[in-house]
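Step one of this worksheet: look at the structure below.
Worth knowing before you read on, the calculation uses all heavy atoms, side chains too, and leaves out hydrogens, waters and symmetry mates.
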Amino acid sequence: MHVRVSARRGRLALAVERDGTVVLRAPASCDMKRAEVFVRAHAGWIADKARLRDRFRPAHPSRALVDGTAFRYLGREYRLLLVQGSEPTRLRAGRLRLGATAAANPADGRKAIIDWYQRAGTNWALGRFQPWAGRLEVREPDVEVRDLGDRWGAYTPDAGGGSGRMTLHWAIFQLPIRLVDYVIAHELAHVRISGHGPDYWRLLRRAIPECERLKDELDEMGRRVWLGETADIPPGGGSDPSA
């Protein structure tokens with residue numbers, strides 16, 4: 001179990017991360033005995049979350065960097081097109097164009113595609129924050145898109161009183177727009193309330209009445225997104241229609 005102490009917190013809270021790590025969030029004034037009692041009292045809840053995690057165990061696919069391999073962006077499928085030279089990766093005319101020079105080296109090809117998701121995701125998200133920030137009555141934070149490991153999003157407050165920073169995992173931009181919106185709104189709600197207690201869910205539910213359903217859908221679809229693993233090129237270098 002990981003313990004995270006914050007002077008901004010007023011109560012204890014538990015969370016189970018996607019990798020199964022149990023996190024206890026505690027106020028700075030909390031003593032160890034009180035924390036231990038709290039964790040023991042919620043042992044059943046932790047066990048239920050562990051069973052749910054096993055049900056949604058990740059099944060992330062690999063991708064071969066060959067013509068025809070499918071990649072998703074905002075819920076739609078686009079096929080990879082290898083082009084001569086080393087032109088920047090981009091989406092054009094319904095195909096995700098990747099330079100053959102990068103594709104020849106799996107590490108370079110992987111980086112080129114992830115870099116594209118980061119650029120495209122950042123540009124898209126910048127125009128998506130305002131309506132959700134308005135619903136939640138918060139200021140729009142700065143945004144960054146990068147690899148977040150086992151988290152889809154994170155909000156970091158600004159100690160100086162600014163609007164803070166939201167970080168989004170590049171892989172979420174493979175998901176349908178409704179689920180990316182859910183992640184954005186989920187993190188924006190943390191501008192007002194840290195942790196995932198009842199007050200937090202009441203706030204989020206006002207902005208997204210169907211938030212529980214979307215959370216379940218994210219758990220199911222999220223375990224199948226591509227996280228950057230590349231596969232060997234099939235014999236003959238053909239397309240990978242099952243990707």
Side-chain angles (χ1 to χ4, degrees), residues 15-23 48-65 68-80 89 91 94-96 110 113-129 131-132 135-136 143-155 166-190 196 200-201 204-205 207-231 239-243:
V16 179
E17 304 290 356
R18 288 197 301 131
D19 64 354
T21 301
V22 179
V23 177
D48 288 343
K49 288 293 184 181
R51 285 191 289 270
L52 185 64
R53 177 182 60 84
D54 290 339
R55 176 186 170 196
F56 292 116
R57 189 174 297 278
H60 301 298
S62 59
R63 292 283 186 265
L65 304 183
T69 296
F71 287 87
R72 290 187 176 273
Y73 177 61
L74 297 178
R76 296 186 62 182
E77 187 176 275
Y78 299 92
R79 295 283 171 174
L80 194 66
T89 305
L91 192 61
R95 301 292 295 272
L96 183 60
R110 173 186 184 278
I113 294 174
I114 291 175
D115 285 350
W116 173 78
Y117 273 115
Q118 290 176 328
R119 294 193 308 273
T122 300
N123 290 335
W124 184 87
L126 286 173
R128 205 71 179 179
F129 275 33
W132 294 111
R135 289 189 192 186
L136 291 159
V143 63
E144 178 184 18
V145 176
R146 60 178 176 85
D147 193 323
L148 271 178
D150 292 317
R151 304 182 69 182
W152 294 128
Y155 171 71
M166 182 187 295
T167 307
L168 299 171
H169 197 306
W170 63 264
I172 70 166
F173 295 99
Q174 299 168 61
L175 298 170
I177 289 173
R178 65 184 178 278
L179 297 184
V180 186
D181 276 345
Y182 168 78
V183 174
I184 289 172
H186 182 104
E187 298 304 330
L188 282 173
H190 285 308
H196 295 93
Y200 170 86
W201 287 106
L204 186 60
R205 200 174 293 116
I208 310 180
E210 68 278 20
C211 60
E212 284 91 351
R213 178 181 62 79
L214 291 174
K215 181 182 183 302
D216 290 343
E217 190 176 357
L218 176 63
D219 287 340
E220 173 60 27
M221 295 188 69
R223 71 191 187 98
R224 295 189 176 93
V225 300
W226 181 67
L227 291 181
E229 183 177 345
T230 56
S239 63
D240 181 10
S242 64

Side-chain contact, heavy-atom cut-off 4.5 Å: Leu188 with Ile184?
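Side-chain contact under 4.5 Å: yes.
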Within 6.0 Å of CZ in Arg76, more than 12 heavy atoms from elsewhere
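Not more than 12 within 6.0 Å, no.
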Which distance, rounded to the nearest 0.5 Å, do you find between the [atom1] of [X] and the [atom2] of [Y]?
| X | Y | atom1 | atom2 | value |
| --- | --- | --- | --- | --- |
| Lys215 | His196 | NZ | NE2 | 8.5 Å |
| Asp115 | Arg119 | CG | CZ | 6.0 Å |
| Tyr200 | His190 | OH | NE2 | 4.0 Å |
| Glu187 | Arg151 | CD | CZ | 6.5 Å |
| Thr69 | Glu77 | OG1 | CD | 10.5 Å |
| Leu74 | Ile172 | CG | CD1 | 9.0 Å |

Would you confirm whether Arg63, through its side chain, and Gly228, through its main-chain N or O, come within 3.5 Å as a donor-acceptor pair?
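Such a contact is absent between Arg63 side chain and Gly228 backbone.
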Do side-chain atoms of Arg95 reach the backbone of Arg79 as a donor and acceptor pair under 3.5 angstrom?
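Yes, because the side chain of Arg95 sits within donor-acceptor range (under 3.5 Å) of the backbone of Arg79.
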Closest non-hydrogen atom pair between Val143 and Leu126, with its separation:
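Shortest heavy-atom separation between Val143 and Leu126 comes out as CG1-CD2, 3.2 Å.
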Shortest non-hydrogen separation from Leu168 to Ala125 and the atoms involved:
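Scanning both residues completely, I find the closest heavy atoms to be CD1-CB, 4.1 Å.
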Partner set under side chain to side chain contact (heavy atoms under 4.5 Å, CB included) for Glu210, not counting sequence neighbours:
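Applying side chain to side chain contact (heavy atoms under 4.5 Å, CB included) to Glu210 gives Ile208, Arg213, Leu214.
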So Trp201 and His186, would you call those rings parallel, tilted or perpendicular, with 30° and 60° as cut-offs?
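The arrangement is perpendicular - the two ring planes meet at more than 60°.
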As a test of understanding, state which of Trp124, Trp170, Phe173 forms a ring-ring contact (aromatic ring centres under 6.0 Å, His included) with Tyr117.
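Going through the options one by one, the only one that passes is Trp170.
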Report the C-alpha separation of Phe71 and Trp116 in whole Å, then their side-chain angles, then the decisive distance to 0.1 Å, and conclude whether the ring pair (Phe, Tyr, Trp, His ring centres under 6.0 Å) test is met.
CA-CA 12 Å; Phe71 287 87; Trp116 173 78; 8.8 Å; no
Given the rule in the side chain to side chain contact (heavy atoms under 4.5 Å, CB included) test, do Leu227 and His169 qualify, once you have shown the distances and angles that lead to the verdict?
CA-CA 10 Å; Leu227 291 181; His169 197 306; 4.1 Å; yes
Checking Glu217 against Tyr182 for the side chain to side chain contact (heavy atoms under 4.5 Å, CB included) test, could you report, in this order, the C-alpha distance in whole Å, the side-chain angles of both residues, the deciding distance, and whether it holds?
CA-CA 10 Å; Glu217 190 176 357; Tyr182 168 78; over 6 Å; no
Side chain to side chain contact (heavy atoms under 4.5 Å, CB included) between Tyr73 and Leu96: does it pass, once the steps are laid out?
CA-CA 10 Å; Tyr73 177 61; Leu96 183 60; over 6 Å; no
Begin with the C-alpha distance, continue with both residues' side-chain angles, and end with the deciding distance and a verdict on side chain to side chain contact (heavy atoms under 4.5 Å, CB included) for Trp152 and Val225.
CA-CA 11 Å; Trp152 294 128; Val225 300; 3.6 Å; yes
